[in-house]
Novice: 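Submitted below is the structure of interest, expressed as structure tokens.
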Amino acid sequence: MTKENYVTVRYESHGEKFEILVKPKEALDFRSGKSISISDIVVSDTIYKDIKKGQKASPSSLKKVFGTVDYESIVKEILKKGDIPVTSEQRKELLEKKRKQVIDFIHRNAVDPKTGLPIPPARIEAAMEQAKVHVDMDKEVEAQAMQIIKEITKVIPIKVARAMLQVTVPPQYSSKAKSVLPSLGDLKKSQWLSDGTLIAELEIPAGAQQEVIDKLNSLTKGDVEVKVLQFR
């Protein structure tokens, strides 16, 4: 493997320095949440103090910083928190991906408090531009999305909320629906009627209403009743 095919990821903590050799694309994919084997990311199975000098990190320094000497656990931590060199093009792609994730989070978790309806992603993006807020590639999606929501309240009415739905499913789809509902939100209550009809209460991010309704319609071929009981 040539030098162009790998980069050095650096991580500093508690006065100690650590370096590992990795494939840049795979390392960035791992950091973005993609499931990748560590063996497919790293080039060397050594954790260094200084790669150029060939100095390996001591077991005592690994234990001091990471609380373990387990190789895979330490590499994962370095990949998550370390400095991964990226090209300007890679940085642009990562920033755009993070921006879309932030907008999607806001769309799913916030509503217009006047109507109780989800806010279209295009409107959220326009409000972000108008409020001159910027997405940080290195910050977690939820944390910065919540901060951005505070900023764009100056531009559009918006509120983080959760919706309680009452879902009524006829007998022919009720068993299947019961197994699927927990994956769509927080199943608070479920009740079977004598004819096999299922009535359930499902709490979801308020902005995800249409997405959940669409999935239930697909599951039941449109034979489902969904009512919004409350927002909170």
Side-chain angles (χ1 to χ4, degrees), residues 29-36 96-131 133 135 139-232:
D29 285 344
F30 176 86
R31 177 171 283 186
S32 68
K34 193 172 182 180
S35 179
I36 304 178
E96 182 58 27
K97 184 175 181 180
K98 181 62 70 73
R99 181 180 175 84
K100 288 180 178 178
Q101 290 174 334
V102 167
I103 291 172
D104 182 65
F105 180 92
I106 296 172
H107 170 66
R108 287 179 52 83
N109 289 275
V111 293
D112 183 332
K114 295 179 180 178
T115 64
L117 295 175
I119 301 171
R123 190 179 180 205
I124 294 169
E125 186 170 16
M128 288 169 60
E129 291 176 1
Q130 190 175 344
V133 296
V135 171
K139 288 185 179 179
E140 292 184 359
V141 169
E142 182 174 352
Q144 62 179 318
M146 297 302 289
Q147 182 59 43
I148 288 171
I149 288 171
K150 292 179 182 178
E151 293 296 322
I152 64 177
T153 54
K154 304 167 187 174
V155 178
I156 60 173
I158 185 170
K159 176 185 178 182
V160 175
R162 294 184 67 80
M164 183 69 75
L165 306 181
Q166 182 183 75
V167 181
T168 303
V169 185
Q172 63 268 37
Y173 304 112
S174 58
S175 294
K176 190 173 182 180
K178 180 66 184 297
S179 65
V180 170
L181 284 171
S183 69
L184 300 180
D186 188 2
L187 184 60
K188 294 294 188 180
K189 187 186 301 184
S190 62
Q191 173 187 359
W192 298 93
L193 301 186
S194 58
D195 66 352
T197 295
L198 174 67
I199 299 177
E201 290 186 7
L202 187 71
E203 187 179 73
I204 63 169
Q209 294 171 67
Q210 193 57 53
E211 177 187 340
V212 170
I213 291 171
D214 288 345
K215 288 180 179 179
L216 290 171
N217 277 324
S218 176
L219 177 70
T220 63
K221 296 181 171 39
D223 194 7
V224 62
E225 182 183 346
V226 181
K227 293 181 180 178
V228 179
L229 298 180
Q230 65 176 17
F231 288 105
R232 68 173 183 85

Novice: Whether the side chain of Gln209 engages the backbone of Gly116 through a donor-acceptor N/O pair (distance < 3.5 Å, no angle test) should be reported.
Specialist: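 Judged by distance alone, yes, a pair lies under 3.5 Å.
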
Novice: Any non-hydrogen side-chain atom of Leu216 less than 4.5 Å from a side-chain atom of Val167?
Specialist: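 Side-chain contact under 4.5 Å: yes.
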
Novice: Could you state the interatomic distance from OG1 (Thr153) to CD1 (Ile156), rounded to the nearest 0.5 Å?
Specialist: 9.0 Å

Novice: Which pair of heavy atoms, one from Pro170 and one from Thr197, lies closest together, and at what distance?
Specialist: CA-OG1, 4.2 Å

Novice: Not counting sequence neighbours, which residues clear side-chain contact (heavy atoms from CB on, under 4.5 Å) with Asn109? List them please.
Specialist: Phe105, Pro205

Novice: With sequence neighbours excluded, what pairs up with Asn217 under the side-chain hydrogen bond (donor to acceptor under 3.5 Å, both in side chains) test?
Specialist: none

Novice: Please report the closest heavy-atom contact between Leu187 and Pro182, naming both atoms and the distance.
Specialist: CD2-CG, 4.1 Å

Novice: What distance do Ile152 atom CD1 and Ile124 atom CD1 have between them, rounded to the nearest 0.5 Å?
Specialist: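 Result: 6.0 Å between the selected atoms.
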
Novice: Residues two or more places apart in sequence or in another chain: which of them pass side-chain hydrogen bond (donor to acceptor under 3.5 Å, both in side chains) with Asp104?
Specialist: none

Novice: Report yes if the side chains of Gln210 and Pro118 come closer than 4.5 Å at any heavy-atom pair, otherwise no.
Specialist: no

Novice: Can you name the side-chain hydrogen bond (donor to acceptor under 3.5 Å, both in side chains) partners of Arg162, sequence neighbours left out?
Specialist: Glu203

Novice: Val135 versus Met128: any side-chain heavy-atom pair under 4.5 Å?
Specialist: yes

Novice: How long is the gap from CD1 on Ile36 to CG on Asp29, to the nearest 0.5 Å?
Specialist: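 Those atoms lie 4.5 Å apart.
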
Novice: Could you pull out all residues at least two apart from Lys154 that satisfy side-chain hydrogen bond (donor to acceptor under 3.5 Å, both in side chains)?
Specialist: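 Residues passing side-chain hydrogen bond (donor to acceptor under 3.5 Å, both in side chains) with Lys154: Glu151.
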
Novice: Taking C-beta and beyond as the side chain, do Lys159 and Phe231 meet within less than 4.5 Å on heavy atoms?
Specialist: no

Novice: Would you say that more than 12 heavy atoms from the other residues, nucleotides or ligands in this model lie under 6.0 Å from the CD of Gln230, or not?
Specialist: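 Enclosed: over 12 neighbouring heavy atoms sit under 6.0 Å from CD of Gln230.
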
Novice: State the CD1-CD1 distance between Ile213 and Ile204, to the nearest 0.5 angstrom.
Specialist: 7.0 Å

Novice: Using side-chain contact (heavy atoms from CB on, under 4.5 Å) as the criterion, list what pairs up with Leu229, not counting sequence neighbours.
Specialist: Met164, Gln166, Glu201

Novice: Any side-chain heavy atom of Val212 sitting closer than 4.5 Å to one from Val226?
Specialist: no

Novice: In Å and rounded to the nearest 0.5 Å, what is the CD to OG1 distance from Gln191 to Thr168?
Specialist: 9.5 Å

Novice: Output all residues satisfying side-chain contact (heavy atoms from CB on, under 4.5 Å) with Lys215, sequence neighbours left out; order by chain, then residue number.
Specialist: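 Listed in chain order: Leu184, Glu211.
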
Novice: Set out, in order, the CA-CA distance, both residues' side-chain angles and the distance that settles side chain to side chain contact (heavy atoms under 4.5 Å, CB included) for Lys98 and Gln101, then state yes or no.
Specialist: CA-CA 5 Å; Lys98 181 62 70 73; Gln101 290 174 334; 3.7 Å; yes

Novice: Is the shortest heavy-atom distance from the side chain of Leu181 to the side chain of Leu198 under 4.5 Å?
Specialist: yes

Novice: First locate atom OG of Ser179, then atom CG of Leu219, and finally report the distance between them rounded to the nearest 0.5 Å.
Specialist: 7.5 Å

Novice: Can you see which heavy atom on Ser174 is nearest to which on Trp192, and at what distance?
Specialist: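 Smallest interatomic distance, heavy atoms only, reads OG-CZ3, 3.2 Å.
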
Novice: Looking at every non-hydrogen atom in both residues, tell me the closest pair between Ile119 and Asp112 and how far apart they are.
Specialist: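 For Ile119 versus Asp112, the nearest heavy atoms are CG1-N, 3.7 Å.
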
Novice: Can you tell me which residue pairs pass the salt bridge (Lys or Arg N to Asp or Glu O under 4.0 Å) test with a partner in residues 216-228, sequence neighbours excluded?
Specialist: Glu225-Lys227

Novice: Check the surroundings of atom CD in Glu96: do more than 12 heavy atoms from other residues, nucleotides or ligands lie under 6.0 Å from it?
Specialist: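 Correct, the count exceeds 12.
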
Novice: Checking Glu129 now: which residues fulfil salt bridge (Lys or Arg N to Asp or Glu O under 4.0 Å) with it, not counting sequence neighbours?
Specialist: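 Partners of Glu129 under the salt bridge (Lys or Arg N to Asp or Glu O under 4.0 Å) test: Arg99.
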
Novice: Listed by chain and number, what are the side-chain contact (heavy atoms from CB on, under 4.5 Å) partners of Pro120, not counting sequence neighbours?
Specialist: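 Testing Pro120 for side-chain contact (heavy atoms from CB on, under 4.5 Å), a comparison that skips the adjacent residues, returns Arg123.
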
Novice: Please report the shortest heavy-atom distance between Val111 and Ala161, naming the atom on each side.
Specialist: CG2-CB, 4.0 Å

Novice: So which heavy atom on Gly185 is nearest to which on Leu202, and how close?
Specialist: C-CD1, 3.7 Å

Novice: Is there a donor-acceptor contact under 3.5 Å from the side chain of Gln144 to the main chain of Lys139?
Specialist: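 Indeed, once roles are kept as given, a pair shorter than 3.5 Å links the two residues.
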
